[in-house]
Each structure stands twice: as C-alpha cells, then as structure tokens.
Colleague: 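Questions regarding the structure given below will be posed in turn.
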Amino acid sequence: MSRPETMALDRHLAAAAEIVTVKRRMGTSIDQFATIDVRARISGYAGSEVAGAVTVTDSRIIMSALPFDGIAWPGVAGGIRYPVIGDFVVSQGRTRRIEQVERVMTGGEVVRIEGRIR
C-alpha cells in the first residue's frame, strides 16, 4: 500500500509515535498470543469527551494499517488481519484491551486503524 494518506501517516508516526505490541489470544489459551510490533500514537481524552462508554482511563490509539498488510499475523490465532475488539496493546509495559476499533478506508484500502483502549 503506497497511498499518499498512508505515507503521510507513516511519516507522522515515525516522528511522533511509539512502538507498541498488538496481541491476539490464541484459542482458549490464557498465556499464548500472536504478536506484532507496530508504531502507534496513544493519547488521552479531554474531560469534555469522557461520557458514555469512554472513561477517564481510556486512551485513543492510531496505527498505520501498513504493518498488517501482506503478513501472516495473526497466524494460528485466526481472525481478520487487523486489530479487533478484545485484542490487546502493550505500551510502556502496560497491557490494555482494545475496546473500540475502526478501520479507516480510502479508495477501498485500509489506510489507518483508530480505536479506544482501556
């Protein structure tokens, strides 16, 4: 994927993001996961945005879709290749659950992944 939107996001993430690990549980095992390291930007919510399902401990996450293209992730863990609700993100040693996720598309291709982690 070499769309201008993806390239611009990847440049931004390279400059202003961190490496996180996205994890998906393998079957019913409690300690086996498929993992992939990706660049992501994690930020909090403003007080005025905390309502409904969003809590003060939740954070926004933005990831490029590029690392998920053309690879075998999640492999034996199964499911679609992009993060889904219930997957996990490990950032700075803290494991957080993906509570909401959206694949943003342009021209029929996924260009970025946005969501909420808790």
Colleague: Distance from R116 atom CZ to R96 atom CZ, nearest 0.5 Å?
Modeller: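 Reported to 0.5 Å precision, the distance equals 11.0 Å.
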Colleague: In Å, rounded to the nearest 0.5 Å, how long is the span from CZ of F33 to CE of M26?
Modeller: 10.5 Å
Colleague: Verify the neighbour count for atom CD1 of I30: are there more than 12 heavy atoms of other residues, nucleotides or ligands below 6.0 Å?
Modeller: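 No, because the 6.0 Å sphere around CD1 of I30 holds 12 heavy atoms or fewer from other groups.
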Colleague: Is I113 reachable from M105 through a run of I, L, V, M, F, W or Y residues, each pair having side-chain heavy atoms under 4.5 Å apart?
Modeller: yes
Colleague: So how far is it from E99 CD to S59 OG, rounded to the nearest 0.5 Å?
Modeller: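 Spacing of CD (E99) from OG (S59) equals 11.5 Å.
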Colleague: Could you tell me whether D31 and R25 make a salt bridge, using a distance below 4.0 angstrom between a side-chain N and a carboxylate O?
Modeller: no
Colleague: Is there side-chain contact between V84 and R24, with at least one heavy-atom pair below 4.5 Å?
Modeller: yes
Colleague: Between I117 and Q100, does a side chain to side chain contact (heavy atoms under 4.5 Å, CB included) hold up when you go through it step by step?
Modeller: CA-CA 7 Å; I117 55 177; Q100 180 270 330; over 6 Å; no
Colleague: So do the side chains of S43 and R60 get within less than 4.5 Å of each other, counting heavy atoms only?
Modeller: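 When only atoms from C-beta onward are counted, R60 and S43 do touch, with a gap below 4.5 Å.
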Colleague: Verify the cluster assignment for L66 and I19: are they in a single hydrophobic cluster under the rule of side-chain heavy atoms below 4.5 Å apart?
Modeller: no
Colleague: Determine whether R39 and E18 satisfy the following criterion, side chain to side chain contact (heavy atoms under 4.5 Å, CB included), listing intermediate values before the conclusion.
Modeller: CA-CA 5 Å; R39 285 205 167 273; E18 63 181 288; 5.7 Å; no
Colleague: Examine I36 and V101 and state if one hydrophobic cluster contains both, with Ile, Leu, Val, Met, Phe, Trp and Tyr joined whenever side-chain heavy atoms are less than 4.5 Å apart.
Modeller: yes
Colleague: Measuring from I98:CD1 to K23:NZ, what's the distance to the nearest 0.5 Å?
Modeller: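 One gets 12.0 Å once the value is rounded to the nearest 0.5 Å.
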Colleague: Give, for atom CD of E114 and atom CZ of R103, the distance between the pair rounded to the nearest 0.5 Å.
Modeller: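 If I round to the nearest 0.5 Å, the distance is 12.5 Å.
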Colleague: What I want to check is whether the side chains of R118 and T57 have a donor and an acceptor closer together than 3.5 Å.
Modeller: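 There is no such pair (donor and acceptor under 3.5 Å, judged by atom type) between the side chains of R118 and T57.
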Colleague: Determine whether R112 and I62 make a side-chain contact, defined as any pair of heavy atoms from C-beta on separated by less than 4.5 Å.
Modeller: yes
Colleague: Looking at side-chain heavy atoms only, is the closest gap between V22 and F68 below 4.5 Å?
Modeller: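 They are in side-chain contact.
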Colleague: Under 4.5 Å between side-chain heavy atoms, hopping through other hydrophobics if needed: is there a path connecting I42 to V38?
Modeller: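 Same hydrophobic cluster.
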Colleague: How far apart are the closest heavy atoms of G78 and P74, and which atoms are they?
Modeller: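 Nearest pair, atom of G78 first, then P74: O-CG, 3.0 Å.
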Colleague: Working to the nearest 0.5 Å, report the span between CG of D58 and CZ of R97.
Modeller: 11.5 Å
Colleague: Kindly indicate, with the supporting measurements, whether the criterion side chain to side chain contact (heavy atoms under 4.5 Å, CB included) is fulfilled by V89 and T21.
Modeller: CA-CA 6 Å; V89 173; T21 301; over 6 Å; no
Colleague: Under a 4.5 Å side-chain heavy-atom rule over Ile, Leu, Val, Met, Phe, Trp and Tyr, are F88 and W73 clustered together?
Modeller: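 Looking at the clustering, W73 is in a separate group from F88.
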Colleague: Among side-chain atoms of D87 and Y82, is any donor-acceptor pair under 3.5 angstrom?
Modeller: no
